[in-house]
Amino acid sequence: MATHSTKVLIIGSGAAGLTAAIYAARANLKPILVAGLQPGGQLTITTDVENFPGFPEGVQGPELMDRMQAQAERVGTEVIYDIITEVDFSKRPFRCVGDSGDEYVAETVIISTGASARWLDLPSETEFRGFGVSACATCDAFFFRGKDVAIVGGGNTAVEEAIFLTNHANSVTLIHRRNSLRAERVMQDHLFANPKIKVVWDSVVDQVIGSETPKSVTGVRIKNVATGETRELPVSGLFVAIGHTPNTELFKGVLDTDDEGYLVTRPGSTTTNIPGVFAAGDVQDRIFRQAVTAAGSGCMAAIEADRFLVDHGASV
């Protein structure tokens with residue numbers, strides 16, 4: 001077991017964490033980034049990324065994250081493959097413990113542990129994830145231009161994404177397990193007024209149907225929860241919009257969270273309720289959840305950490 005000391009400890013290695021690392025390293029802060037349970041974050045399970053600036057032909061999610069990490073390491077970031085399991089933010093320097101048993105001592109901490117999409121937990125869903133099954137309409141709607149798609153959910157996110165999908169898809173079928181939506185009334189009005197959207201009530205998806213060559217979704221099997229009756233719906237894509245879970249379990253009772261568990265940061269800032277601890281990316285963003293916004297907030301966190309260190313005489 002070893003002790004690692006740094007001015008800036010970054011927990012999480014997605015777009016937010018790696019961008020924070022790049023900026024912190026360029027400020028000569030010699031950051032340490034602990035990669036976490038899923039090195040590279042959610043983009044490592046994304047195939048084509050066509051909305052990240054600088055890649056006119058698109059880029060594979062894993063390749064984008066590999067490039068970000070290589071850039072962070074080139075400018076001076078130390079990346080350690082470990083998982084933080086304990087934090088002590090009661091006083092500075094802050095102390096964190098990894099699953100390896102190693103201790104991390106830091107003057108500032110940037111939390112970028114992200115959020116995990118909730119899935120239906122179907123084997124067929126897992127099989128076709130990235131091949132027609134997605135949890136982000138904003139990210140992937142473009143790939144379904146002129147096609148028929150389905151979306152599962154009943155809250156604000158599902159309704160927003162169903163409406164957004166109509167900008168690209170030929171038709172959108174929203175599947176909801178109840179006979180009424182939880183979304184705000186004004187959003188429901190927009191949904192029901194859209195001629196491209198059809199709602200299937202009291203139903204769940206119990207199987208994703210697809211082909212292997214090429215690997216793609218061709219339909220979903222829908223089950224009526226009241227009658228048990230099943231039927232197949234031919235679609236080219238399935239979007240799962242039943243929410244996200246921020247990866248904040250480690251910080252509960254330590255840092256302020258909102259009613260959904262996202263870390264609370266000051267408006268226009270990445271600062272948390274503990275001075276010297278910052279949060280960036282999907283762990284504190286319940287609205288946008290995009291790679292580019294995560295990267296932007298990672299930049300903000302690094303700049304704010306640098307300013308904090310200067311103000312507290314710990315920047316050199």
Side-chain angles (χ1 to χ4, degrees), residues 1-47 49 52-55 57-85 87 93-114 247 250 270 276-284 290-310 314-316:
M1 288 181 259
T3 297
H4 309 272
S5 297
T6 180
K7 294 183 181 67
V8 182
L9 175 67
I10 301 166
I11 305 174
S13 54
L18 287 170
T19 304
I22 291 166
Y23 274 80
R26 284 176 53 81
N28 201 31
L29 298 177
K30 299 180 176 58
I32 290 176
L33 182 147
V34 179
L37 189 61
Q38 186 178 7
Q42 290 189 77
L43 279 176
T44 58
I45 57 171
T46 303
T47 50
V49 178
F52 199 88
F55 296 90
E57 305 301 322
V59 62
Q60 295 288 299
E63 180 188 353
L64 177 59
M65 302 320 295
D66 285 346
R67 289 189 179 199
M68 281 192 183
Q69 180 171 331
Q71 185 174 359
E73 290 179 311
R74 186 182 68 81
V75 292
T77 302
E78 180 182 0
V79 176
I80 299 177
Y81 292 94
D82 199 355
I83 302 166
I84 299 298
T85 57
V87 297
F94 304 120
R95 296 183 180 274
C96 303
V97 178
D99 185 62
S100 64
D102 284 8
E103 184 178 52
Y104 300 85
V105 180
E107 294 293 333
T108 61
V109 174
I110 296 173
I111 299 166
S112 54
T113 49
N247 300 320
L250 180 63
T270 63
V277 177
F278 307 88
D282 290 8
V283 74
Q284 54 87 48
Q290 299 296 304
V292 69
T293 52
S297 66
C299 162
M300 291 168 59
I303 291 172
E304 290 190 296
D306 186 26
R307 290 173 179 168
F308 178 90
L309 290 167
V310 169
S315 61
V316 291

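Scanning both residues, Ser112 and Gly17, for their nearest heavy atoms gives OG-CA, 3.2 Å. When every heavy atom of Ala27 is checked against every heavy atom of Asp306, the shortest pair comes out as CB-OD2, 4.0 Å. Closest approach of Thr19 and Ala295 over heavy atoms only: CG2-O, 3.2 Å. Of all heavy-atom pairs between Ala106 and Leu9, the closest is CB-CB, 3.5 Å. When every heavy atom of Ala294 is checked against every heavy atom of Ser297, the shortest pair comes out as O-OG, 3.0 Å. For the residue pair Asp82 and Gly98, the shortest heavy atom distance occurs at OD2-CA, 3.5 Å.
Residues Val34 and Tyr104 are in side-chain contact: their nearest non-hydrogen atoms beyond the backbone lie under 4.5 Å apart. For the pair His4/Thr6, no side-chain contact is recorded, criterion being any heavy-atom separation below 4.5 Å from C-beta on. The shortest side-chain heavy-atom distance between Asp102 and Thr3 does not fall under the 4.5 Å cut-off. Residues Leu43 and Pro62 are not in side-chain contact: their nearest non-hydrogen atoms beyond the backbone lie 4.5 Å or more apart. Side chains of Asp282 and Asn247 form no contact here, defined as non-hydrogen atoms less than 4.5 Å apart. The shortest side-chain heavy-atom distance between Leu309 and Leu29 falls under the 4.5 Å cut-off. Between Leu250 and Ile84, some side-chain heavy-atom pair lies under the 4.5 Å cut-off. In this structure the side chain of Glu78 never reaches within 4.5 angstrom of the side chain of Leu33, judged on heavy atoms.
In this structure a side-chain-to-backbone donor-acceptor pair under 3.5 Å is present from Thr77 to Ala21. In this structure, Gln290 contributes its side chain and Thr293 its backbone to no donor-acceptor pair below 3.5 Å. Put simply, the side chain of Glu73 never gets that close to the backbone of Val79: no donor and acceptor are under 3.5 Å apart.
More than 12 non-hydrogen atoms from other residues, nucleotides or ligands lie less than 6.0 angstrom from CZ of Phe308. By the neighbour-count criterion of 12 heavy atoms within 6.0 Å, atom CD1 of Ile83 is densely surrounded, having more than that number from other residues, nucleotides or ligands.
Taken from CZ in Arg26 to CZ in Arg74, the straight-line distance is 8.0 Å, to the nearest 0.5 Å. Thr270 contributes atom OG1, which lies 5.5 Å from atom CE of Met300 (distance to the nearest 0.5 angstrom). For the atom pair CE of Met68 and OG of Ser13, the computed distance is 11.5 Å after rounding to the nearest 0.5 Å. Atoms CD1 and CD1, on Ile110 and Ile10 in that order, are 5.0 Å from each other to the nearest 0.5 Å. Atoms CD and CZ, from Gln60 and Phe55 in turn, are 11.5 Å apart once rounded to the nearest 0.5 Å.
In this structure, Arg95 pairs ionically with Glu103, as a charged nitrogen and a carboxylate oxygen lie closer than 4.0 Å.
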- Message: side-chain contact (heavy atoms from CB on, under 4.5 Å), that's the test. Do Lys30 and Asn28 meet it? Break it down for me.
- Response: CA-CA 6 Å; Lys30 299 180 176 58; Asn28 201 31; 3.3 Å; yes
- Task: Determine, stepwise, if the pair Met65 / Leu18 fulfils side-chain contact (heavy atoms from CB on, under 4.5 Å).
- Result: CA-CA 8 Å; Met65 302 320 295; Leu18 287 170; 3.7 Å; yes
- So Phe94 and Val87, side-chain contact (heavy atoms from CB on, under 4.5 Å) or not? Walk me through it. CA-CA 8 Å; Phe94 304 120; Val87 297; over 6 Å; no
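Thr85 and Asp99 share no side-chain donor-acceptor pair at under 3.5 Å.
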